[in-house]
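Each remark here refers to the structure printed beneath this line.
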Amino acid sequence: MEIKYGRNSFFDGGLLQLIGWSILGFIITTLSLGILYPWAVVMLYGWKINHTVIEGKRMAFVGSAWGLFGNWIKWLILTIITLGIYGFWVNIKIMDWKAKNTRFRN
């Protein structure tokens, strides 16, 4: 059981790490014209989850960029076919995918 500052639920990532991962994600997304957005999502979300402890149990993110990329292409096609309507559900689908790939490490 992990405890920090007398608490058993905490986040132990640092500000400079967050800034660095965010800038890197922005750069790879921008330079690839959005194609590598799934990699940026996995990179940043993985960092956040891997630095989170809930009730003494460290979280772990097990998703891969390839897994999200496949879904991303499917969601893009559905958004195009529905003339943008499916786009309203994409954010919810991403949150669901993140939850599905988040575990307790211990």
Side-chain angles (χ1 to χ4, degrees):
M1 177 182 247
E2 292 190 48
I3 296 176
K4 185 176 181 180
Y5 306 123
R7 298 178 302 174
N8 62 357
S9 294
F10 57 89
F11 178 78
D12 62 4
L15 177 61
L16 291 179
Q17 292 172 331
L18 176 60
I19 291 170
W21 285 116
S22 297
I23 290 171
L24 183 59
F26 176 78
I27 289 170
I28 66 170
T29 300
T30 303
L31 291 179
S32 69
L33 302 175
I35 294 170
L36 296 180
Y37 177 71
W39 277 266
V41 168
V42 167
M43 209 172 47
L44 190 58
Y45 185 72
W47 176 81
K48 290 176 184 177
I49 287 301
N50 292 331
H51 285 278
T52 301
V53 175
I54 304 291
E55 295 185 6
K57 299 176 186 173
R58 186 163 292 274
M59 304 296 292
F61 181 66
V62 298
S64 71
W66 280 113
L68 182 56
F69 188 74
N71 285 316
W72 189 252
I73 296 300
K74 177 177 67 176
W75 299 331
L76 178 63
I77 291 169
L78 286 170
T79 301
I80 292 168
I81 290 171
T82 61
L83 303 175
I85 295 171
Y86 191 80
F88 292 110
W89 281 270
V90 171
N91 196 31
I92 291 169
K93 292 292 188 182
I94 291 174
M95 287 188 280
D96 182 51
W97 182 84
K98 288 176 180 179
K100 183 174 112 180
N101 288 286
T102 302
R103 312 268 190 277
F104 284 109
R105 188 172 292 168
N106 312 20

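Residue numbers count from 1 along this sequence.
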- Roughly how far apart are F11 CZ and K4 NZ, rounded to 0.5 Å? 9.5 Å

- CZ (F61) and CD1 (I49) are apart, to the nearest 0.5 Å, by 8.0 Å

- Between K98 and V41, the two heavy atoms sitting closest are CE-CG1, 3.9 Å

- Query: Counting only heavy atoms not in W47, do more than 12 fall under 6.0 Å of its CH2?
  - Reply: yes

- Note on the structure: Between P38 and G34 the two heavy atoms that sit nearest each other are CD-O, 4.4 Å

Just distance, no hydrogens or angles: give the donor-acceptor pairs under 3.5 Å from side chains in residues 23-30, sequence neighbours left out.
unit_1: T29; atom_1: OG1; unit_2: G25; atom_2: O; d: 2.8
unit_1: T30; atom_1: OG1; unit_2: F26; atom_2: O; d: 2.7

- Note on the structure: T102 meets the side chain to side chain donor-acceptor pair (under 3.5 Å) criterion, sequence neighbours left out, with Y45

- Note on the structure: All heavy atoms of L44 vs all of S22, minimum pair found to be CD1-OG, 3.9 Å

- Task: List the atom of E55, the atom of M1, and the distance in Å for their closest heavy-atom pair.
- Result: O-CE, 3.8 Å

- Message: Does F10, at its CZ atom, have more than 12 non-hydrogen atoms belonging to other residues, nucleotides or ligands within less than 6.0 Å?
- Response: yes

- Among all residues two or more places apart in sequence or in another chain, which pass the side chain to side chain contact (heavy atoms under 4.5 Å, CB included) test with N71? K74, W75, W97

- Assess whether atom NZ of K100 is packed by more than 12 heavy atoms of other residues, nucleotides or ligands within 6.0 Å. no

- Query: By side chain to side chain contact (heavy atoms under 4.5 Å, CB included), which residues pair with I35, not counting sequence neighbours?
  - Reply: S32, F69

- Examine W66 and L36 and state if one hydrophobic cluster contains both, with Ile, Leu, Val, Met, Phe, Trp and Tyr joined whenever side-chain heavy atoms are less than 4.5 Å apart. yes

- Would you give the length of the straight line joining atom OG1 of T52 to atom CZ of R105, rounded to the nearest 0.5 angstrom? 10.5 Å

- Common cluster, Y86/Y37, ILVMFWY with side-chain heavy-atom separation under 4.5 Å: yes

- Item | With sequence neighbours excluded, residues passing salt bridge (Lys or Arg N to Asp or Glu O under 4.0 Å) with D12 | R58

Counting only pairs under 3.5 Å, give me each side-chain donor-acceptor contact of residues 88-96, with atom names and distances, residues two or more places apart or in other chains.
none

- Between M43 and W39, is there a shared hydrophobic cluster once you connect ILVMFWY residues whose side-chain heavy atoms come closer than 4.5 Å? yes

